[in-house]
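Counting starts at 1 for both ligands and their atoms, in listed order.
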Amino acid sequence: MEQPHKFTIVRTDLVQDAITILTDSLLIGRLRECELLLNHPWVSRVQAGIRVVDGRYYIFGLRPSNPVTLNGKPIVGNEGLAAGDRLAVGPFLVDVDINDEGMVLEVALQIGVEQYKLDASSPDFETMKPPPVQTGADPKKRAAIRPARLPSSKALDVFWDKRMREAGKMVRPSPLFPLSQRRTGKAQSIWTSTTDLARRWPVSFFIWGAIIGAVPALATAYWYANAYAPAPLSRSHAEKQLTISPPIAARANANSCTTCHTLRGSMEAQCANCHSTDAFVATIIKPHIEAGISCANCHPEHRGAEFRADEAALRACTECHNDANKQTYKGRSVNTPHLGTFGYPVANGKWIWPGLNDEEWARKKIPVKRLQTEDDQTWRSHQFHLIHQSRVRLVPGITSGNAQGQLSCSSCHRSLDPPDLVTPRTTCGLCHNGRVDEKSGRVLIVADKANCTSCHVQHAKDQRHWGASLLGD
Ligand code: HEC
Ligand code: HEC
Ligand code: HEC
Ligand code: HEC
Ligand code: HEC
Ligand code: HEC
Ligand code: HEC
């Protein structure tokens with residue numbers, strides 16, 4: 001192993017102090033791992049190497065397709081070096097001086113030179129002429145002590161191979177702190193885009209971005225709230241004043257969003273809160289509360305201005321209470337009730353219709369009280385008969401009634417001793433059927449289908465009751 005020699009590199013092309021390296025061999029090239037780093041695209045990654053053998057200096061061309069020239073002549077294999085020599089590597093000139101202490105390499109960059117193509121591996125190499133290079137200052141001096149070329153040997157090839165491989169693998173952190181791992185070897189020359197080194201965006205960019213985004217968003221929220229709604233609100237909730245009398249809402253909604261959507265509390269509470277007046281209270285029947293069925297299940301919103309939430313609710317019953325609906329509600333399943341026809345209050349000779357509780361009964365304003373002696377069955381029958389007879393107007397299909405045109409015993413029973421229990425079954429559908437909305441004249445439920453809420457009242461305190469037009473004075 002050769003003793004380390006002193007190499008002094010003087011860069012006139014860079015603003016850099018002379019640096020001294022102790023080594024027995026030195027690489028010249030564009031790779032950052034080269035001791036003599038010449039950063040220019042014409043320079044190969046590792047183009048040449050200088051090595052000390054028996055106290056003498058030799059230059060080795062390591063890239064036959066891009067040879068270094070020594071005093072204007074391209075180097076093939078290796079060449080001895082003498083003081084006063086001039087190497088040309090790409091656009092760089094490297095002046096060589098050898099003194100007692102070691103070797104001095106002075107690097108200069110030629111500006112405006114043209115790249116020449118030399119290829120030592122090409123068959124025309126001998127006839128190729130590199131451009132003339134101004135040779136070093138003292139041609140006599142260098143001729144005298146130039147060592148003879150070394151015979152090419154396997155050992156030398158292996159030596160440089162090893163040096164080049166090591167250079168290619170060396171990974172030093174970049175002073176620019178790229179985020180991705182530095183690649184090694186040939187992969188380094190494959191270009192990939194990177195954002196690592198891009199200058200960071202100033203914070204003000206984001207602040208202005210936020211302002212530019214937020215201002216129209218807030219303006220829209222203020223002046224055109226519907227922009228954020230899945231679809232416009234129904235007219236009832238968009239209107240600025242109440243239209244129904246007696247009122248069914250405490251105040252107009254006037255297209256407000258926060259009346260229904262609040263951060264705290266359920267939406268149902270908001271609905272019920274506003275829909276609480278003398279004429280209307282938004283109650284929900286017990287079985288529905290237990291099944292988690294609430295306002296929005298029957299009254300959706302955001303279906304457009306023409307949408308009527310009360311009409312939709314009438315249809316919602318059959319859509320949900322259906323054999324085809326396999327969903328469960330708090331573990332409760334639904335099915336098509338009473339075989340898809342009208343429910344009947346008596347089954348197997350027993351009144352299964354639960355009747356009305358005291359509060360609901362009081363609301364009917366029928367001046368009859370339950371007698372102490374009446375059991376559930378008789379009271380249910382009593383309630384049912386009181387609700388219908390001498391109160392409800394006759395409808396087409398029922399011919400017999402009392403003098404006031406209202407239901408009487410004979411409307412439902414052809415005979416009473418014994419009571420005819422067959423005919424009543426044919427009567428229910430004549431009244432508790434499809435409903436025509438009195439205001440719009442629209443058919444809400446087709447004529448031969450049941451109006452579910454006529455028997456299963458949902459909002460018992462609703463004064464605008466379904467049966468109003470059927471009731472006598
Ligand atoms: C009358 C009450 C009511 C008002 C007023 C109302 N909404 Fe709604 N909103 C609802 C209901 C009911 C739903 C459906 C919720 C569900 O399906 O669970 C809903 C759903 C939404 C949804 C969809 C969210 C989801 O969970 O599916 C958005 C967004 C929305 N509303 C925005 C608005 C905006 C914006 C406004 C004001 C213009 C507004 N709402 C006014 C009752 C209302
Ligand atoms: C199981 C279905 C169902 C549920 C749950 C329900 N409703 Fe209703 N609602 C109806 C039906 C059906 C109507 C149509 C009137 C009728 O036939 O009783 C109606 C009518 C209304 C009306 C109009 C009343 C009128 O006189 O025009 C309002 C207001 C109303 N509901 C509010 C609510 C509120 C608020 C809730 C929640 C607290 C609610 N509803 C829960 C079915 C329901
Ligand atoms: C801030 C008060 C307010 C809130 C909150 C509110 N409503 Fe209304 N609602 C009204 C007004 C006002 C009307 C129309 C009454 C009128 O025209 O006189 C109305 C009408 C209705 C009607 C009957 C008319 C129609 O279009 O079908 C239903 C059903 C109804 N609301 C259901 C609901 C439901 C369900 C909620 C909760 C999701 C709700 N409302 C929340 C004020 C409100
Ligand atoms: C979204 C689904 C859904 C809608 C809409 C709905 N219901 Fe229900 N209903 C249920 C569920 C679930 C139960 C509880 C069934 C149980 O407990 O087995 C129930 C229970 C009932 C019961 C009591 C049944 C019993 O066993 O005592 C009646 C009556 C009823 N609903 C009538 C109606 C009417 C009338 C409407 C329309 C105004 C309606 N439902 C709308 C899901 C719904
Ligand atoms: C709207 C139709 C209707 C009218 C009107 C009506 N009933 Fe009934 N009635 C029924 C039904 C429904 C039953 C139960 C049938 C069954 O058990 O299958 C019934 C049952 C009866 C029974 C059997 C006992 C019971 O309570 O179940 C008697 C008795 C009776 N009605 C007498 C009368 C008398 C008297 C009148 C007139 C004052 C009258 N009904 C008016 C529908 C009516
Ligand atoms: C001529 C029309 C007519 C006939 C026929 C009729 N009903 Fe009724 N029914 C009404 C009216 C109207 C009301 C509402 C009375 C009220 O609100 O005071 C009513 C109320 C009811 C109620 C009570 C609803 C509530 O307010 O809670 C039930 C249940 C009922 N009817 C079932 C039946 C059955 C079952 C039959 C067939 C045996 C029948 N009705 C025949 C007109 C009729
Ligand atoms: C003519 C009156 C009448 C009409 C209309 C009516 N029902 Fe009933 N319904 C009854 C009676 C009576 C019962 C048995 C007693 C009870 O549970 O209230 C009943 C029972 C029910 C039950 C519980 C038992 C079961 O089979 O699951 C549900 C749910 C129900 N009805 C839903 C509806 C629905 C949904 C509609 C509309 C398609 C409707 N009803 C229309 C009178 C009626």
Which residue and non-hydrogen atom of the protein lie closest to atom 28 (C) of ligand 5, and at what distance in Å?
-> Pro419 CB, 4.0 Å
Quick one: report the N, O or S atom of His459 that is nearest to atom 8 (Fe) of ligand 2.
-> NE2
Give the numbers and elements of all ligand 1 atoms closer than 4.0 Å to a heavy atom of Ser256.
-> 5 (C), 41 (C)
Of all the atoms in ligand 1, which lie at a distance below 4.0 Å from a heavy atom belonging to Thr259?
-> 5 (C)
Indicate if the distance from atom 8 (Fe) of ligand 2 to the nearest N, O or S atom of His299 falls below 2.8 Å.
-> yes
Per atom 34 (C) of ligand 2, closest listed option by heavy atom (Ala279, Ala282, Ala269) = Ala282
Count the heavy atoms belonging to other residues, nucleotides or ligands that lie under 6.0 Å from CG of Asp375, then report whether that count exceeds 12.
-> yes
Considering only heavy atoms of Ser381, which atoms of ligand 5 have at least one such atom less than 4.0 Å away?
-> 25 (C), 26 (O)
His237: numbered ligand 1 atoms lying under 4.0 Å from its heavy atoms | 1 (C)
Parallel, tilted or perpendicular: which describes the rings of Phe60 and Trp160, with under 30° parallel and over 60° perpendicular?
-> tilted
Any side-chain heavy-atom pair of Glu301 and Cys260 under 4.5 Å = no
Ranking Cys257, Cys260, Cys295, Pro232 by closest non-hydrogen atom to atom 37 (C) of ligand 1, top hit is Cys257
Does His302 bring an N, O or S atom to within less than 2.8 Å of atom 8 (Fe) of ligand 1?
-> yes
Are Thr453 and Asn451 linked by a side-chain donor-acceptor pair shorter than 3.5 Å?
-> yes
Any Met267 heavy atom less than 4.0 Å to ligand 1 = yes
Would you find more than 12 non-hydrogen atoms of other residues, nucleotides or ligands less than 6.0 Å from Asn335 atom CG?
-> yes
Which of the ligand 2 atoms, numbered from 1, are nearer than 4.0 Å to a heavy atom of Cys298 = 1 (C), 2 (C), 3 (C), 4 (C), 5 (C), 42 (C), 43 (C)
What atoms of ligand 2 come closer than 4.0 angstrom to any heavy atom of Cys271?
-> 35 (C)
Can a non-hydrogen atom of Pro300 be found less than 4.0 Å from any atom of ligand 1?
-> no
Atom 38 (C) of ligand 5: the protein heavy-atom neighbour that sits closest, reported with distance to 0.1 Å = Cys409 SG, 2.3 Å
Does Ser65 reach the side chain of Arg63, with side-chain heavy atoms less than 4.5 Å apart?
-> yes
For Asp17, does the CG atom have more than 12 heavy-atom neighbours from other residues, nucleotides or ligands under 6.0 Å away?
-> no
Per-atom contacts, ligand 2 versus Asp462 - under 4.0 Å to a heavy atom | 24 (C), 25 (C), 26 (O)
Examine ligand 5 and decide if any of its atoms is less than 4.0 Å from a heavy atom belonging to Ser411.
-> no
Would you mind reporting whether Asn253 and Leu233 have side-chain heavy atoms less than 4.5 Å apart?
-> yes
Per-atom contacts of ligand 5 with Ser408, taking only distances under 4.0 Å to non-hydrogen atoms = 5 (C)
For Leu416, the ligand 5 atoms whose distance to one of its heavy atoms is below 4.0 Å = 32 (C), 33 (C), 34 (C), 35 (C)
Partner set under side chain to side chain contact (heavy atoms under 4.5 Å, CB included) for Glu374, not counting sequence neighbours = Arg370, Leu371, Thr378, Trp379, His382
Heavy-atom pair of closest approach, residues Gln270 and Thr259 = CB-O, 3.0 Å
Check: His275 N/O within less than 3.5 Å of ligand 2 N/O = no
May I ask you to decide if the ring planes of His302 and His261 are parallel, tilted or perpendicular, using 30° and 60° as cut-offs?
-> parallel
Measuring to atom 8 (Fe) of ligand 1, does His261 have an N/O/S atom at a distance below 2.8 Å?
-> yes
Ligand 5 to Gln389 polar contact by distance, N or O atoms, under 3.5 Å = no
Would you verify that at least one protein heavy atom lies under 4.0 Å from atom 10 (C) of ligand 5, or report that none does?
-> yes
Among Leu314, Ile248, Ile244, closest by heavy atom to atom 23 (C) of ligand 2 is Ile248
Going by the atom numbers of ligand 2, which of them fall below 4.0 Å from some non-hydrogen atom of His288?
-> 1 (C)
What protein heavy atom is closest to atom 12 (C) of ligand 5, reported as residue, atom name and distance in Å?
-> Tyr344 OH, 3.1 Å
Cut-off 3.5 Å, side chains only: do Ser236 and Ser234 have a donor facing an acceptor?
-> no
Could you list which atoms of ligand 2 come closer than 4.0 Å to a heavy atom of Ser294?
-> 5 (C)
Output field for angle at atom 8 (Fe) of ligand 5, His413.NE2 vs His385.NE2, rounded to 10°, should show 180°
Given Arg363 and Glu359, is the salt bridge (charged side-chain N to carboxylate O under 4.0 Å, His left out) satisfied, shown in steps?
-> CA-CA 6 Å; Arg363 219 176 295 281; Glu359 201 193 333; 2.7 Å; yes
Parallel, tilted or perpendicular: rings of His40 and Trp42 (30°, 60°) = perpendicular
For Asn253, atoms of ligand 1 separated by under 4.0 Å from a heavy atom = 5 (C)
N or O contact, Gln458 vs ligand 2, cut-off under 3.5 Å | no
Looking at atom 2 (C) of ligand 5, what's its closest protein heavy atom, distance included?
-> Cys412 SG, 1.9 Å
Looking only at non-hydrogen atoms, which of Trp351, Trp353, Phe384 approaches atom 13 (C) of ligand 5 most closely?
-> Trp351
Between Thr378, Val346, Leu430, Asp420, which one has a non-hydrogen atom sitting closest to atom 14 (C) of ligand 5?
-> Val346
